[in-house]
Amino acid sequence: MKKQNIKNIANQKYKFGFKTDIESYIFKKGLNEKIITQISKNKNEPPYMLEFRLKAFKHWLTMPEPRWSCTTYPEIDFQDIHYYSAPKTNPKKENLNKIDPKLKKTYDKLGIPLLEQKKLEGIAVDAIFDSVSVATTYKAQLMEYGVIFCPISEAIQKYPDLIKKYLGAIVPYTDNFYAALNAAVFTDGSFVYIPENTICPMDLSSYFRINTEKTGQFERTLIICEKNSQVNYLEGCTAPKFDTNQLHAATVELVALDNASIKYSTVQNWFAGDPETGKGGIYNFVTKRGLCQGKKSKISWTQVETGSAITWKYPSCILKGDDSIGEFYSVALTNHHQQADTGTKMIHLGKNTKSTIISIGISVGKAVNAYRGEVKISKAATNARNYTQCDSMLMGDQCDAYTFPIIEVNNASATVEHEATTSKISEDQLFYFQQRGIDTEQAVSAIINGFCEEVFKKLPPEFSVEATKLLGLKLENSVG
Amino acid sequence: MAHHKSIIIKKNIVKTLILTEKKDTDITYNITMQKNSKLTLINIKNNIKSTDHTNIILAENSSLNCIYISLPKETIENHIQVDLNGKNANCKLNSLSIVNKENKIINKTLINHNFSESTSDQLFKNILNDHSYSEFSGLIHIKRHAQKTKANQLNKNLLLSDTAKSIAKPQLKIQADNVKCAHGSSTGQINQDELFYLQSRGLTIKQAKTMLIMGFAKEIIDFITIKKVKKSLEKLL
Amino acid sequence: MLKIKNLSVKTNNIEILNNLNLHIKAGEIHVIMGTNGSGKSTLAKTIVGHPQFKASKGEILFEGQNILKLAPDKRARLGIFLSFQYPTEIPGVNNASFLRMAYNTHQKSQGHPALDPLEFEDLLQNKLKIANISEKYLDRAVNAGFSGGEKKKNEILQMAVLEPKLAILDEIDSGLDIDALKSVANSVNSLKNKNNAIILITHYQRILNYIKPDYVHVIHKGQIIKSGDKTLAHKLEKKGYEWLITNP
């Protein structure tokens with residue numbers, strides 16, 4: 001594409017940038033043992049959880065803030081963050097019709113009605129507002145199948161055996177700086193338990209909303225899929241526009257036992273910061289990991305990353321069970337001043353394990369987009385296979401695209417392939433659209449959607465439509 | 001002890017350098033290629049230990065063709081940095097390493113495309129036996145405004161033993177939008193279908209394997225156009 | 001419908017078209033012939049506004065309006081269509097969606113309502129018959145992995161959907177076997193009517209056994225050096241271009 005065709009103006013509107021004016025109970029800024037104890041107290045946690053938090057906190061204090069990713073941002077002052085914020089009116093309502101009208105309105109505006117009679121067909125939603133879950137739909141109906149879908153704060157009280165067994169088992173707090181921080185201060189997130197021989201009767205989804213300025217959201221999600229069971233889980237996120245950065249440091253753990261299958265899809269649409277100045281936006285520092293513990297188990301990550309000022313995220317799979325399968329399908333679009341350092345790890349431990357990585361990075365404006373990945377075939381992983389494909393597209397001459405894979409093979413029977421290409425929208429393709437009467441902006445959007453098609457088709461249909469729209473919106477006015 | 005060698009390939013000069021070290025080495029080569037020069041660099045290391053650094057700067061229209069053949073005793077490390085500083089500068093790096101016992105081959109490359117319209121091509125092949133180890137770490141950096149660059153990088157590892165280990169880090173840093181850039185890496189054992197095909201034509205499994213391994217190696221050896229060198233290499237393998 | 005006056009086009013400072021003149025009325029079929037590099041394709045691309053080909057002199061009037069300053073998509077929406085010599089592959093973009101997107105931009109510019117996928121599918125059924133192309137190509141990505149013949153048929157399908165006033169067919173006959181050639185020619189004939197016009201660019205007389213032109217022009221060094229009726233094409237076939245170049 002021609003240089004003069006690419007402009008950086010793009011005063012595109014972020015549709016979800018509004019703030020809900022609601023009275024909240026907010027902790028004063030700062031992080032120490034007292035604050036952590038208070039979080040635990042507010043959540044009515046049993047003593048084992050406070051112990052877990054404090055251990056994690058002690059460990060966190062010994063760790064330096066990591067800087068190895070391809071992103072630049074000023075030092076984060078962890079004492080300048082509110083670690084807890086919850087709407088005052090909310091003790092959680094089991095009767096959804098009694099939910100605070102202001103919250104109800106907020107979720108209506110986000111397209112996620114929570115009221116009993118209006119709630120989404122066929123999708124159960126856990127709505128998380130700052131530090132608390134404010135509503136969970138279809139809870140009782142799911143329980144009839146033995147499926148537990150509730151806020152993790154509730155699971156900590158109700159299902160201590162499952163929590164003790166799995167929380168921190170896949171991502172221990174020693175794993176990394178943000179995993180330690182999350183373990184110390186996590187507030188809410190979703191808990192999913194699918195019992196043996198059960199195909200979850202509807203898709204489950206969590207919707208994360210950060211509302212209060214200078215607040216950190218420390219999401220913790222745990223999904224357990226017992227033998228021969230299946231679940232489809234969707235995650236969505238938005239936040240208001242603020243000039244200051246907000247931190248979202250999540251930990252997500254998945255466990256799949258024999259023959260179980262978890263499909264985890266994310267469409268991320270946090271506020272990305274001011275397009276002109278790069279001011280504000282979410283720092284999204286996330287640890288997501290799935291353990292394919294059982295034979296023939298399968299974990300599939302699909303992500304569409306369009307939001308956040310900075311994304312730092314590597315949804316990974318540990319393929320422990322023989323014949324288990326790991327998948328990672330990702331589209332990351334960065335525009336303006338956004339920076340994304342994302343990718344995956346596939347750790348092959350079991351025999352005949354298979355993994356597929358399809359990563360698509362699109363970099364526009366002054367953005368940075370990096371793929372970082374690791375494929376490791378351990379000695380015991382006989383007949384392991386991996387196929388990786390990384391495609392990047394650059395639009396404009398001020399953006400960067402990086403590809404940093406590591407491929408480690410310790411078993412001769414492995415077949416590991418990695419391919420990466422860089423492309424641009426060709427003038428010929430653009431002209432072909434134009435000759436058929438389609439203007440440049442629509443053409444660019446269609447070509448980029450085509451470029452992402454391989455990943456989009458892995459998304460559940462309603463997410464796929466949303467992702468297509470989102471890309472269009474993000475690219476608006478980036479072509480002149 | 002490390003020592004330095006500086007080589008300048010003058011304007012319009014065509015030169016071939018064949019380096020066959022007999023003793024362990026620890027050398028830094030600094031090679032400057034002036035406009036329109038051509039250099040073929042053949043580096044053969046057989047049964048030695050070495051850590052060499054080769055830094056090559058290419059000016060406009062210059063053309064570099066490097067072939068590395070490494071059969072390490074203990075460890076061979078080749079550090080190669082190429083700076084493409086002019087239009088139409090182009091470099092080819094081809095490497096074949098055959099590693100056995102507990103020996104190691106480490107190839108690290110950095111290709112800087114500092115100017116527009118330059119090209120680079122890399123092909124690094126490793127054959128690993130016994131407890132051997134290979135590491136390929138290659139970075140292609142296409143600098144801002146180095147438009148119309150073409151860069152390719154490919155690493156292929158053939159594992160002949162269950163106890164061999166290979167690590168590949170093929171990396172790209174791209175800061176210009178009008179470029180063609182691709183990299184790839186594949187690791188695996190001898191293709192079983194190919195093996196079966198040869199056996200079905202009456203070859204013993206050993207013959208068939210040797211043939212396929214030679215086939216894997218040949219792609220690199222064929223880049224050597226000097227007959228004498230090529231012959232002696234084929235003998236060696 | 002189309003008036004080209006004293007058109008000169010340069011690319012990389014080389015003059016490819018030089019003072020070219022051409023008048024086309026509704027209902028006519030014009031054939032443009034010439035050797036490689038004579039300027040045939042440049043003429044086609046200049047009319048549709050390819051960014052590499054800019055007029056240095058002259059004008060192109062389409063229904064009285066000078067279109068040289070219009071963006072290519074605007075020209076397309078006025079009703080000018082180019083069947084590309086080498087149709088571009090667009091991976092990942094569904095052929096049917098692409099057709100609908102193109103169709104709806106035309107609808108919108110004419111103040112007509114856009115069609116939803118179901119309505120559009122009805123419209124497509126008839127068009128598929130005209131273009132003699134199988135429905136299965138609708139579900140594939142635009143031109144991606146199509147054979148030469150399939151690409152040309154897909155161009156004709158687009159022409160059938162968009163119903164242009166002026167269709168420029170750039171070597172629609174190249175790379176086709178005899179069956180495909182007949183099929184494409186039949187499609188073009190059935191799309192022809194008294195309100196539209198066609199410019200057929202070709203090397204060979206062969207396609208003129210199926211499509212009957214009103215005029216034949218020979219282009220050489222960026223100028224039309226001879227115009228006539230279809231007998232001119234026959235003569236050329238027998239005697240070669242050399243004859244005309246040496247005896248204009």
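The structure displayed is predicted, hence computed values, not measured ones.
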When the 4.5 angstrom heavy-atom criterion is applied to B:Asn178 and chain A, the contacting part is both

Go through the atoms of B:Ser161 and report whether side chain, backbone, both or neither lie under 4.5 Å from a heavy atom of chain A.
backbone

Could you check whether atom [atom1] of [X] has more than 12 heavy atoms from other residues, nucleotides or ligands sitting under 6.0 Å from it?
X: B:Lys143; atom1: NZ; result: yes
X: B:Lys125; atom1: NZ; result: yes
X: A:Tyr73; atom1: OH; result: yes
X: A:Arg372; atom1: CZ; result: yes
X: B:Lys173; atom1: NZ; result: yes

Which heavy atom in [X] sits nearest to a heavy atom in [Y], and how many Å separate them?
X: A:Lys379; Y: B:Asp162; answer: CE-O, 4.3 Å
X: B:Pro170; Y: A:Pro405; answer: O-CD, 2.8 Å
X: B:Arg144; Y: A:Asp397; answer: CD-O, 3.0 Å
X: A:Phe404; Y: B:Leu172; answer: CE2-O, 4.1 Å

Residue that, paired with A:Thr422, satisfies side-chain contact (heavy atoms from CB on, under 4.5 Å) out of B:Ile174, B:Ile140, B:Asp177:
B:Ile174

Result for side-chain contact (heavy atoms from CB on, under 4.5 Å) between B:Ser186 and one of A:Glu417, A:Glu419, A:His418 points to A:Glu417

Tell me, out of [options], who's got the most heavy-atom pairs with chain A below 4.5 Å.
options: B:Ala151, B:Gly184, B:Ser185, B:Ser137; answer: B:Ser185
options: B:Lys156, B:Gln189, B:Gln153; answer: B:Gln189
options: B:Ile142, B:Ile167, B:Ile190; answer: B:Ile167
options: B:Ala182, B:Ser166, B:Ser134; answer: B:Ser166

Value for CD (B:Gln171) from CD1 (A:Ile406), rounded to nearest 0.5 Å, stands at 7.5 Å

To the nearest 0.5 Å, what is the distance between CD1 on A:Ile407 and CG on B:Asn157?
8.5 Å

Could you look at A:Ala420 and say if it's the side chain, the backbone, both or neither that has a heavy atom under 4.5 Å from chain B?
both

A:Tyr402 and B:His141: CA distance, side-chain angles, deciding distance, side-chain contact (heavy atoms from CB on, under 4.5 Å) verdict:
CA-CA 9 Å; A:Tyr402 306 147; B:His141 190 170; 5.8 Å; no

Largest heavy-atom contact set with chain B, pairs under 4.5 Å, which of A:Asn410, A:Thr421, A:Thr415
A:Asn410

Under a 4.5 Å cutoff for heavy-atom pairs, which residue among A:Thr388, A:Ile377, A:Thr403, A:Leu394 has the most contacts with chain B?
A:Thr403

Do B:Leu159 and A:Val409 come within less than 4.5 Å of each other through their side chains, counting heavy atoms only?
yes

